[in-house]
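Just the heavy atoms: all of them, side chains too, but no hydrogens, waters or symmetry mates, feed the values below. Within every chain, numbering begins at 1; the chains are lettered A, B, ... in the order of the sequence lines, protein sequences first and strands thereafter.
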Amino acid sequence: MCVTCGCSDAESVTLTDPVTGEKLTMSRGDHEHAHEHSAAHEHAHGAATPAGDHGHSHGYEPSHSPDHDAVHDHGHDHAHPHTHAHPHTHDHGHSHGHAYSHAHSHGHAHTSGHGHDVRQQAHTHAGAHSDSAALHADRRGTILALEQNILAKNQLLAERNRGWLAGRDILALNLVSSPGSGKTTLLERTIRDLQADLAINVIEGDQATAHDAQRIRAAGAKAIQINTGTGCHLEADMLARGLQALQPPPGSVVMIENVGNLVCPALFDLGERAKVVILSVTEGEDKPLKYPHMFKASEVMLLNKIDLLPHLEFDVERCIAYARQVNPGISVFRVSAQTGEGMSAWYAWLRSQAAAAGRIAS
Amino acid sequence: MHELSITGNVVAICAERASGQQVLRVTLEIGKLSAVMPDAIRFCFEVCAKDTIVEGAELEIIETPGRARCSECGGEMMLTEMFGRCECGSVNIEVIAGNELKIRQMEVAECA
């Protein structure tokens, strides 16, 4: 993602209108930039994309045991200064020098002896964190204190979306789940059942195909498909472009069906009013504990496919207890999008959300 | 694989802020509850930095442990996961550290 405007390096993102079949490639870099893209920056875009599958080859274990020797062998030792609880690391530079693999590790034991520039000194002393030793540097260059949130640009764009939606009295919900939990079926039924009450529009996120947008369209709602290509989640700028293409009317509801994935979408705010996580009973009841970030980030859990419970060994109460362990405030609705069982409670919540901001379409 | 796009962000931020000077070292702070794996970031960093002004820079990652405050009794506790239970029995806790995802600083070559 370009950090100045928020446009991403994901050149492969496309928007598809399921009615016309028109495809818009979302270059995510073609809108106004108030800054210059240096040559180096452009290369960064190109270099980042083809590596999509590399990371998966790493079956990382949480291997940061206190065993420094083992860690050292793997070259993952940079992080370890932090595991030293004592804040007086200046004095101990040599005693745990083994934690640093880089060459300067023995040279920076004394801040004052090296003529650090003012910024660095101020930073090191002001922090008083136990990790301040790790911010130490020998005198090779200039230290620039950035203190910048890595996801700040996405957050900024999410807030912009939030403002855009609020200004139009639109309720936006971010639907998240694993693949196959029944998100699209749930949306189809919701659209059909509430068509007299709520104008629902849908932004569909998938890595590929416009199948879901076509299904939503057939159910009677306006839909736009965003294909993320290799991307595993929607980001705020994709939603902004999706909203532009969809043009949801004031007072309507926008359902954002995120890419099926219980990990990454939890980290990326899109500007929605709330995240709604869908968990189907054909999945493990311990999903909330396995993917706590998602369940913590969600305001509502829809436990779907309850019509299948007689055929499964799924302990509903235990699943809900796990979800509340992670997020004590989560609302839970047990539903079957197939049979319609339990859907009225979900609809009541949806209406209340829409009504709360005076958004019921008349 | 959100680490790839996050690392792409890191490299892009550093490349922009470096104003043309070669980046020698980048220091990140990644909370242990942030759902971002430092090892995956390290793995992606070299790939993302290639052919940029950040290429060849050392990557330092400070991992911040998770801490939470109990909303019932006010007690604080260490966390190794996004959730936990206070000694008082409550699961109603507020994470106060461990979600960090930030670039603390970077070191750039002196202008010639």
Side-chain angles (χ1 to χ4, degrees), chain A residues 1-4 8-10 35 38 40-41 43-44 46-48 51-56 58 60 63-64 76 78-79 81-83 102 120 123 131 134-135 137 140-151 153 231-233 235 263-264 266-268 289 292-293 296 324-328, chain B residues 1-18 20-22 24-25 27-30 33-40 42-44 47-54 58-65 81-83 85 91-92 101-110:
Chain A
M1 183 192 280
C2 161
V3 293
T4 296
S8 173
D9 47 11
H35 64 286
S38 68
H41 191 79
H43 290 171
D53 51 348
H54 288 188
H56 295 284
H58 261 58
Y60 295 107
S63 63
H64 289 281
H76 297 315
H78 291 242
H82 194 71
T83 62
H102 38 271
Q120 165 64 1
H123 188 76
D131 55 39
L135 292 179
R140 288 193 310 179
T142 306
I143 304 291
L144 301 177
L146 299 181
E147 298 295 336
Q148 182 167 348
N149 186 332
I150 297 167
L151 295 178
K153 286 299 161 186
C232 51
H233 57 266
E235 293 186 18
V263 184
C264 312
L267 268 69
F268 294 87
L289 297 185
H293 285 87
K296 183 122 185 156
R324 296 233 157 97
Q325 187 180 337
V326 171
N327 180 356
Chain B
M1 192 50 196
H2 53 293
E3 279 88 355
L4 184 66
S5 70
I6 284 168
T7 312
N9 283 3
V10 169
V11 170
I13 290 168
C14 292
E16 262 182 40
R17 299 286 292 268
Q21 291 161 275
Q22 184 68 39
L24 303 176
R25 183 171 11 176
T27 305
L28 305 182
E29 179 176 8
I30 298 180
L33 307 180
S34 68
V36 171
M37 303 181 82
D39 283 349
R42 288 190 188 94
F43 182 78
C44 296
V47 177
C48 291
K50 191 162 166 39
D51 297 328
T52 76
I53 207 157
V54 186
E58 277 174 30
L59 179 66
E60 280 185 332
I61 299 181
I62 298 169
E63 288 185 79
T64 313
E81 293 178 288
M82 273 305 279
F83 56 94
R85 187 182 295 271
V91 293
N92 200 357
L101 199 54
K102 180 193 219 206
I103 305 176
R104 293 287 292 268
Q105 66 176 33
M106 67 178 176
E107 184 178 345
V108 297
E110 301 281 2

Answer key: most heavy-atom pairs under 4.5 Å with chain A among B/Leu101, B/Thr7, B/Val36, B/Val91 is B/Leu101
Cut-off 4.5 Å, heavy atoms of chain A, and the answer for B/Ser34 is backbone
Which answer fits B/Val54, side chain, backbone, both or neither, if we ask what part of it has an atom under 4.5 Å from a heavy atom of chain A? neither
CG of B/Leu59 to CZ of B/Phe43: how many Å apart, nearest 0.5 Å? 13.5 Å
Test item: B/Val10 and B/Cys48 side chains (from C-beta on) under 4.5 Å apart, heavy atoms: no
Side chain to side chain contact (heavy atoms under 4.5 Å, CB included) with A/Gln148: of B/Met106, B/Lys102, B/Arg17, only one passes, and it is B/Arg17
A/Arg324, A/His293, A/Lys296: which one forms the most heavy-atom pairs within less than 4.5 Å of chain B? A/His293
Any sub-3.5 Å donor-acceptor pair from B/Glu60's side-chain atoms to B/Arg25's backbone N or O? no
